[in-house]
Amino acid sequence: MKIEMEKVFKPCEIEEKWFSFWDEKGYFIANNKSEKEKYTIVMPPPNITGSLTMGHVLNNTFQDIIIRMKRMQGYEVLWLPGIDHAGIATQNVVERELAKEGKTRFDLGREEFLKRVWKWKEKYGDLILKQLKKLGVSCDFSRTRFTMDSELSEAVIEAFVRLYEKGLIYKGFYIINWCPRCTTALADDEVEHREIVGKLYFIKYPLKEGGFITVATTRPETMLGDTAVAINPDDKKNKHLIGKIAILPFINREIPIIGDEIVDPEFGTGCVKVTPAHDRNDFEIGERHGLEKVIVMDIFGKMNENAGKFKGLERFEARERIVKELEEMELLSKIEEYKHSIGECYRCHTIIEPYLSEEWFVRMLPLAEKAIAAAKNKEIIFFPTSYEKNYYNWLENVRDWCISRSIWWGHRIPVYECEKCGNIMVKRKTPKECVKCKSKKIKQEEKVLDTWFSSWLWPFSTMGWPKETEDFKKFYPTDTLVTGWDILFFWVARMIMAGIEFTGKVPFKNIVLTGMVRDEKRRKLSKSLGNSPDPLDLIKKYGADGVRFSMCLITPEGQDVLFSEKKMEIGRNFANKLWNASRLLFLNYENEISFDKNKLYIEDKWILYSLDELIKNVTKDLENFAFVDAAWKCYKFFWNEYCDWYLEFIKDRFKDKEKKKYALYIAFYVIEKFLRILHPFMPFITEEIWQKLPFPDKKESITISEWPAPSGFSYKEEYEDFEFIKKMITIIREIRGEYNIPINQKLNLFLRWLGSSSKKNIFIERIEEIKRLSFINEVEFIDTPIKKCAFATCEGVEIYIPIEGIVDIEKERKRIENEIEELKKHVNKIKKRLMSEDFVQKAPKEIVALNEKKLNEFNEKIEKLKIYLEHL
RNA sequence: GGGCGGGUAGCUCAAUCUGGUGAGAGCAUCGGCUUCACAUGCCGAAGGUCGUAGGUUCAAAUCCUACCCCGCCCACCA
């Protein structure tokens, strides 16, 4: 029975097939009957509105690698997929849809709008999970969760109530980051800062007693809300003004000039307009001095009734108008160019307005302290470790977390107010009546919770917490989290805090942080730049395996990845190489293979030794989440050892039916183990090939096969011997390359064997293969040197290749002279070292010996080259 | 201002923690090859005073100090 294989590996045909096979067999479902240890990975839930990005590809590939290895190692694994409801983003998407119909969410009303969002969710919400499947992720889709599921929502409410009852949640008026487009508050870390060249306006405020005071501002429109001017009390130039009264233009409000130390006398004029309702610092000044807080804008960023005649203008229009009118009134003393940074909404990139608003906050300090302690006690380990410092740095300076959002899509805050007596109730279930006055008129807080307030519970809310479910008992706390470093604070640190606070346990042991995927110019991938490839296109073109393996190969640990489509070729080419190497074996396979330890050749032992090393190293690397190292080791083993040397070497044996039996056995044996090692990286192609392998008692699928262990043969010596043969062949090839002798021009080889005689025996044993691989016609052993040859030495063996008529003897002379020069340089270095008494006395014996050995070796080589040069 | 990371071949990175073999890969470049698994391939070559200056050491890409660049995060920014 011949096994047919196409010349070029076509991934698309097999990916669908194998994924459904595994899925139907339920291999990914955590098997509750297993008695083995469990292993859990927390999948970062992708955003419901998003589609698959290269970032997802990267960290999901890594997660899949771990989970597949652990599954093969016999752990009971759980990798639970899910999506988060992405409050602001989703609401934006649906609002945009509505806008096409000419409607706003207010036209629909809260209830109808939410129905609309749910409808949208049902339609598009699982797109990203479908896309992830194409990548081959082996998560347990039967346990898919969504942050707005009723169980998860219960968890959110539970968490809120518990924190509130502990006094860790409070409500208050503060300056928050307001996005006028999304009409909601944002947490500090949801604001992206961008440096711009803006303008600094110098505005003269008339003094009540006559004269002016000049203030500087980048946001003139906020002046309408000014309630003071502040000066540093130590500012000699200006302090005489403190206590006087200024008159606010347009509004004609009398505002005091006050002293406050926060003011930098060196900046601008040294006088600061104070707008407590529109600036965080000004707010603090306002608190210290008991100033009035005048809000001049509405939630859409339009000037309100406090803005006098500017009412109704959009904030930037108002700015222009105000500047123009100030100029006409001769109250604008100058405008300077000024570089400063502005905050933008991370969802819609609208400029953030610092805004006074009543919001809900979580006190972070008590939570942060425990999270720091957990890392210090090594209950949490970071990969790479350097991120631990960032983690401490953030937690030590943590600020309270603004968790309320003035949008509709999300978990509505479980706070209820009695409309009759004003009693505030924080309840798990909507109260039917006021506990105080029994009134049935109760209204719930309008605001919803920040999406992260549900995500930070993800590791346990997905397992049924607060209920003590079987899953929760078994799989929590989890083992590993793999995610990008960009959400270390947003999400990772908060999950740790939540885990400790609500379950008393850190939610995971290992945190593996991956870099960001960027383009070759180090820019972030983004749709607007057009540098963001569609992973699904890449998968179509290079195969899921190709993309996965390429990403592993090009991603330095914890550092950013510079992506280019060209780089995807590495993985695809490797898949093809793997395919064709297998093809070679199958083409030669005739239903007969067998194993006999006594019939192993030197190259068999060499590859077996090498395979054992690979298994040990890759297992170790993967256990340390060193995916790149592991992937490169697989790559090099297979391509540069198994294909380039082993397969090339054993081909001769395929011609003899008897020898082929044994050769093929080892070839299949090695590839079989290698496929299992490679399977976590390239799940599809490994399965496809593995299924064809002629080992009758293998498992039904490679996915549930055992993770390989070293075979334990000890062939270290044979390994070295074969390395010598490789070196001989390489040297001969180098000579040929040096003279550009085409390989179809056969050369003869003369060897003066002054090296090890056991190696000579091995050499003679495999002489046919060696001749073939070094493109040599005849080999002859000689006792005396011969002239007019290309010459080289290898471990004492003198190599002569007659070159007369093929190349210039002068060229050979030069080549050898160069070689001698090179060697002399090193010899001198080593000599110098060895001549130093300090070195000989102080350096470790092995090092001295090594140097001596090298020196001898080099000198010997030089001598030989010199002698040869003389009689060339 | 606070913190983190980096500077090694034209490009992207190993090796640095734990000092010691002729500093290694991949891509790009150059030369040779249609050898019956693979041109998504095979065989070779060229390319590096390891950011700069000191120091420690028998020995420094590796440790220490200073400096120069580059990137990132946090805070501030009237």
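Note that the coordinates shown come from a computational prediction; the quantities given were computed from them, not determined experimentally. Letters go in sequence order (proteins before strands), and every chain restarts at 1.
Between A:M835 atom CE and B:C58 atom C1' the separation is 14 Å, expressed in whole Å.
Looking at the side chain of A:N740, the nearest of the listed nucleotides B:G44, B:G22, B:G31 is B:G31. For A:L587, counting side-chain heavy atoms from C-beta on, the closest listed nucleotide (B:A37, B:G22, B:G20) is B:A37. Residue A:P742 has its side chain nearest to B:C33 when only B:C33, B:C58, B:G22 are considered. In the set B:G22, B:A39, B:A37, the nucleotide with an atom closest to the side chain of A:F858 is B:G22. Closest to the A:Q559 side chain, of the nucleotides B:G22, B:A75, B:A14, is B:A14. Closest to the side chain of A:S341, from the set B:C76, B:C58, B:G5, is B:C76. Looking at the side chain of A:I830, the nearest of the listed nucleotides B:G22, B:C58, B:G32 is B:G22. Taking only side-chain atoms of A:W639, from C-beta outward, the nucleotide of B:G20, B:G41, B:A37 with the closest atom is B:G41.
Residue A:H278 is classed as having no contact, given no heavy-atom separation below 4.0 Å to the nucleic acid. Within 4.0 Å (heavy atoms only), A:R572 reaches at least one base atom of the nucleic acid. Residue contacts for A:Y392: at a heavy-atom cut-off of 4.0 Å it reaches no nucleic acid atom on any strand shown. Nucleic acid contact for A:L562: sugar-phosphate only, since backbone atoms but no base atoms lie under 4.0 Å from a heavy atom of the residue. Among the atoms of the strands shown, base atoms are found under 4.0 Å from some heavy atom of A:K861.
Within the cation-pi definition used here (under 6.0 Å to the ring centroid, within 45° of the axis), A:R733 qualifies as a partner of A:W645.
No side-chain donor from either of A:Y635 and A:N640 sits under 3.5 Å from a side-chain acceptor of the other.
In this model, the phosphate group of B:G41 is approached by a side-chain N or O of A:N573 to a distance below 4.0 Å at OP1 or OP2. Phosphate contact (OP1/OP2 of B:G5, side-chain N/O of A:K389, threshold under 4.0 Å): present. Considering only side-chain N and O atoms, A:R399 lies under 4.0 angstrom from the phosphate OP1 or OP2 of B:C76. Neither OP1 nor OP2 of B:G26 sits under 4.0 Å from any side-chain N or O of A:K566. Taking only side-chain nitrogens and oxygens, A:K636 never comes nearer than 4.0 Å to OP1 or OP2 of B:G24. When the side-chain nitrogen and oxygen atoms of A:W632 are compared with OP1 and OP2 of B:C13, none of them lie within a distance under 4.0 Å.
Two rings, from A:F674 and A:F637, have their centers less than 6.0 Å apart. If you look at A:F549 and A:F574, their ring centroids are closer than 6.0 Å.
A salt bridge links A:E353 with A:R219: the distance from a Lys NZ or Arg NE/NH1/NH2 to an Asp or Glu carboxylate oxygen falls below 4.0 Å.
With a cut-off of 3.5 Å on both Watson-Crick or G-U wobble distances, the partner of B:G41 is given as B:C33.
Of the two residues near RNA chain B, A:E557 and A:V263, the one whose nearest nucleotide lies more 5' is A:E557.
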